[in-house]
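Both ligands and their constituent atoms are indexed starting at 1 by order of listing.
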Amino acid sequence: MRLVFLGPPGAGKGTQSTRIQEKYKIPQLSTGDMLRAAVKAGTPIGLKAKAIMDAGGLVPDEVVVGIISERIDETDAKNGFILDGFPRTVKQAEALADILLQKKINLDAVIELKVDHGALIERIEKRVADAKAKGEAIRADDNPESFKKRLEAYHEQTAPVSAFYASTGELKAVDGMAPVDAVTAEIERLLAS
Ligand code: AMP
């Protein structure tokens, strides 16, 4: 099973892809997680990406395309994967199509979590409060200013990716405002059909 999860920051991509990963035993490949790990490790990519990420902008396409292309070659991704947070631009979606063609593999579905944008700020505030309560680190970009930038980047650069996958016939939309379990059930229903 090879999947892409699309949706704005705070839509529940991470939560839902973690659940689907457990059910199908395929890894969740989050470019955000990989970039945060690179920042933490102080790699050349991390050093380049940090300021962009903190400000809520998008890291250059070639950087994330390179990361994903290498990552899906790893053994644990041979039987499938969930892409979470990638592709985020039409250029990345086109590059992914080329990569998959070269590797002779196909996507099974692109799942878009549709959410009411007014609810997103509330969800991010809840994510910060939950992390604080658990004593976990707060993401440097989970602050109102960066979040506004991330939403702008989503509208300008990522929303067109949905149209791209609608045109290839791979897009499946899910109501991301439903309770978490109902969203998971709907995704599983779509994947089984
Ligand atoms: P996320 O964890 O998916 O919310 O990503 C956190 C941040 O990492 C984003 O705001 C971007 O700065 C960067 N990032 C993650 N994935 C991508 C991508 N596919 N293209 C460009 N930047 C990305």
Tell me the ring-ring contact (aromatic ring centres under 6.0 Å, His included) pairs involving residues 30-58, sequence neighbours left out?
none
Verify, without hydrogens or angle tests, whether R150 (side chain) and D141 (backbone) share a donor-acceptor contact under 3.5 angstrom.
yes
Would you indicate whether E74, at its atom CD, is surrounded by more than 12 heavy atoms from other residues, nucleotides or ligands within a distance under 6.0 Å?
yes
Quick one: closest heavy-atom pair of V128 and I138, and the distance?
O-CD1, 3.6 Å
Contact residues of ligand 1, where a non-hydrogen atom lies under 4.0 Å away
T31, G32, L35, R36, M53, G57, L58, V59, V64, G85, F86, R88, Q92, R139, D141, R150
Please name the pair of heavy atoms, one in P87 and one in V4, separated by the smallest distance, quoted to 0.1 Å.
CD-CG1, 3.8 Å
Compare every heavy atom of A131 with every heavy atom of A137, then report the nearest pair and how far apart it is.
O-CB, 4.2 Å
